[in-house]
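The basis for the numbers below is simple: all heavy atoms, side chains too, and nothing from hydrogens, waters or symmetry mates. Throughout, protein chains are lettered first and strands after them, A, B, ... in sequence-line order, and every chain is numbered starting at 1.
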2 protein chains.
Amino acid sequence: MRLGELSERSGVSIATIKYYLRERLLPPGRRVTATQAEYDESHLRRLRLVRAMIQVGRVPVATAREVLGHVDDESLGLTMRLGAATWALPQPEDEVGDDAAAASARGTLDALLAELGWDTAREIGDLSPVHRGLVTAIATLNRLGFPLSLDELVPYARHMGEVAAHDLDLLETRPPGSEQVEAAVASAVLYDPLLLGLRRLAQEVESARRYGIT
Amino acid sequence: MRLGELSERSGVSIATIKYYLRERLLPPGRRVTATQAEYDESHLRRLRLVRAMIQVGRVPVATAREVLGHVDDESLGLTMRLGAATWALPQPEDEVGDDAAAASARGTLDALLAELGWDTAREIGDLSPVHRGLVTAIATLNRLGFPLSLDELVPYARHMGEVAAHDLDLLETRPPGSEQVEAAVASAVLYDPLLLGLRRLAQEVESARRYGIT
DNA sequence: ACTGTTGGATAGTTTCACTCTCCTGATGAG
DNA sequence: CTCATCAGGAGAGTGAAACTATCCAACAGT
């Protein structure tokens, strides 16, 4: 198919597709002549994934390019590709600072990982953006005057641990290959709003149950 | 305290504070003379909350203004204020369309709410932005070729239900009043990245556990 | 009186994600 | 063969969002 059809089938404007091609979010089509190229179903799938990452997942274009680079890196195993993609995903940009709040947050997180036996994560330490993002989040809550104790944090972590296990269960039902990696990215990016939405909904329901609708 | 001190204590530049004042994210100080005003601790707290919402929670300025308006609306009860704030919070903006994917997503969500007995949420139906956000997320996954069955969705919802219950337990430990409402906003906005970070971390750990580090 | 700040208003600046305009080179109907 | 049409590519332009910088008159501390 050509650019026009790709645009029509995906609902993305031609100008935007050209932009994504320029930004290398979408691999170039197979060149037919000097001024024409042919696209296939994989381009359509990739385009939809890009759109989902950017629009639903709020992932910046530059970051999306990086993540997709890891998705396409066939020299890595599943775990590493998943990890690489996760690694590149957007974190609540630092601005941590080394104040007391940050130090306390680091301590809390360390204790949490020890408590749960998540030693893999502890070894990686604060090199991981995920780890740093968590420190930032806890530190911010400290600064705001809503400190999180270990006891309050552990139940959250346990639930998210089970969610993660369920994530991987679902991933295993996919045929291995790039579809599995794409599913991993979709899971990382698109399940976020899903889970948060479910939490909000549950909060409303629970609040109504406890206090009535006043 | 005056602008300069507010800036120093919060770490936010004077120019930015002026911007927030202009945008009514921060109530004006108590006027001392025609060209000078006095700020207090509540301004500092509010400023930190605003920063957290915008920087960590990625909440747009206009939305933050709306949310804070509800926080300050003392004519409402706790549930309603929490609901109002939640209601105003940013959703993965629609662009739903009425295609088959959206219809199927609506059906799945309805079934889920019935299954869990979350009838309060079902009555509100698709008026709620949270509800619509969920439909968008599920529909997007459908379109990408990663359909979510009810069976796969239910465990997620149960876990988030427990998380929400824990959220409200924590909320009850706060002294009633505006601090409680602020805690509710902080919970809604700032726990998001915290939970997502925990999920990512748990995914890495679980993946390493299952498949090794390859 | 002098120096430096403060609050307020207005006008930049930066970043990001597109979107528009041009241009060259096919391509297909008549 | 011709001529309007469309494809692809490159560069400049646009609009929104969140700041940031510049002015200015009115104070405040010394």
Side-chain angles (χ1 to χ4, degrees), chain A residues 1-40 43 47-68 89-90 92-93 95 189, chain B residues 1-40 43-44 47-68 88-90 92-93 95 189:
Chain A
M1 90 189 80
R2 306 241 241 293
L3 240 199
E5 194 183 339
L6 190 60
S7 163
E8 227 171 294
R9 286 232 267 157
S10 63
V12 180
S13 81
I14 290 182
T16 301
I17 296 179
K18 286 180 173 182
Y19 169 64
Y20 289 159
L21 285 167
R22 233 177 304 149
E23 295 292 324
R24 303 201 317 281
L25 296 186
L26 210 55
R30 187 175 56 80
R31 299 301 296 269
V32 173
T33 75
T35 63
Q36 240 146 324
E38 179 81 10
Y39 305 92
D40 58 26
H43 288 91
L47 180 54
R48 287 208 259 244
L49 182 60
V50 166
R51 276 261 108 179
M53 287 175 76
I54 290 176
Q55 288 210 317
V56 182
R58 307 259 226 74
V59 178
V61 165
T63 307
R65 176 170 49 234
E66 198 179 340
V67 172
L68 291 173
L89 278 175
E93 271 324 310
E95 186 211 6
V189 173
Chain B
M1 90 189 79
R2 306 247 235 290
L3 238 200
E5 195 184 340
L6 189 61
S7 163
E8 228 170 293
R9 286 232 268 155
S10 63
V12 179
S13 82
I14 290 183
T16 302
I17 296 179
K18 285 181 175 182
Y19 168 63
Y20 290 160
L21 285 166
R22 233 176 303 143
E23 295 293 324
R24 304 200 318 281
L25 295 187
L26 212 54
R30 188 175 54 82
R31 299 299 298 268
V32 173
T33 74
T35 63
Q36 241 146 324
E38 179 82 8
Y39 305 91
D40 59 25
H43 288 92
L44 187 55
L47 180 54
R48 287 209 258 245
L49 182 61
V50 166
R51 275 261 109 176
M53 287 176 76
I54 290 177
Q55 289 210 316
V56 183
R58 306 260 222 73
V59 178
V61 165
T63 307
R65 176 169 49 232
E66 198 179 339
V67 172
L68 292 172
L89 279 174
E93 270 324 310
E95 187 211 4
V189 173

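The CG-C1' distance, from L6(B) to dT5(C), rounds to 15 Å in whole Å. In this structure, R30(B) atom CZ and dT6(C) atom C1' are separated by 15 Å, rounded to whole Å.
Of the residues near DNA chain D, V32(B) and Q36(A), the one whose nearest nucleotide (by heavy atom distance) lies more toward the 5' end is Q36(A).
Of all non-hydrogen atoms in L6(B) and L47(B), the two that sit nearest each other are CG-CD2, 4.1 Å.
Axis angle between the ends of the helix from dA1(C)-dT30(D) to dG30(C)-dC1(D), five pairs each and rounded to 10 degrees, works out to 0°.
Shown here are the side-chain hydrogen bond (donor to acceptor under 3.5 Å, both in side chains) partners of T16(B), two or more places apart in sequence or in another chain: S13(B). In this structure, R30(B) has no side-chain hydrogen bond (donor to acceptor under 3.5 Å, both in side chains) partners at least two apart in sequence or on a different chain. In terms of the side-chain contact (heavy atoms from CB on, under 4.5 Å) criterion, residue partners of L21(B) (sequence neighbours excluded) are, by chain and number, I17(B), L26(B), Y39(B). Residues satisfying the salt bridge (charged side-chain N to carboxylate O under 4.0 Å, His left out) criterion with E8(A), sequence neighbours excluded, are absent altogether. Among residues two or more places apart in sequence or in another chain, the salt bridge (charged side-chain N to carboxylate O under 4.0 Å, His left out) test is passed with E23(B) by R65(B). The salt bridge (charged side-chain N to carboxylate O under 4.0 Å, His left out) search around R22(B) returns none, not counting sequence neighbours.
The phosphate of dG8(C) (OP1 or OP2) has a side-chain N or O of R31(B) nearer than 4.0 angstrom.
Atom CD1 of residue I54(A) and atom CG of residue L49(A) lie 10.0 Å apart, to the nearest 0.5 angstrom.
In this structure the side chain of K18(B) reaches within 4.5 angstrom of the side chain of L3(B), judged on heavy atoms. A 4.5 Å side-chain heavy-atom check between Q36(A) and R31(A) finds every atom pair outside the cut-off.
At a non-hydrogen distance threshold of 4.0 Å, A15(B), T16(B), Y19(B), Y20(B), R22(B) from residues 14-23 of chain B come into contact with DNA chain D.
Nucleotides of DNA chain D that come within less than 4.0 Å of any heavy atom of chain A span, from the 5' end to the 3' end, dA7(D) to dA12(D).
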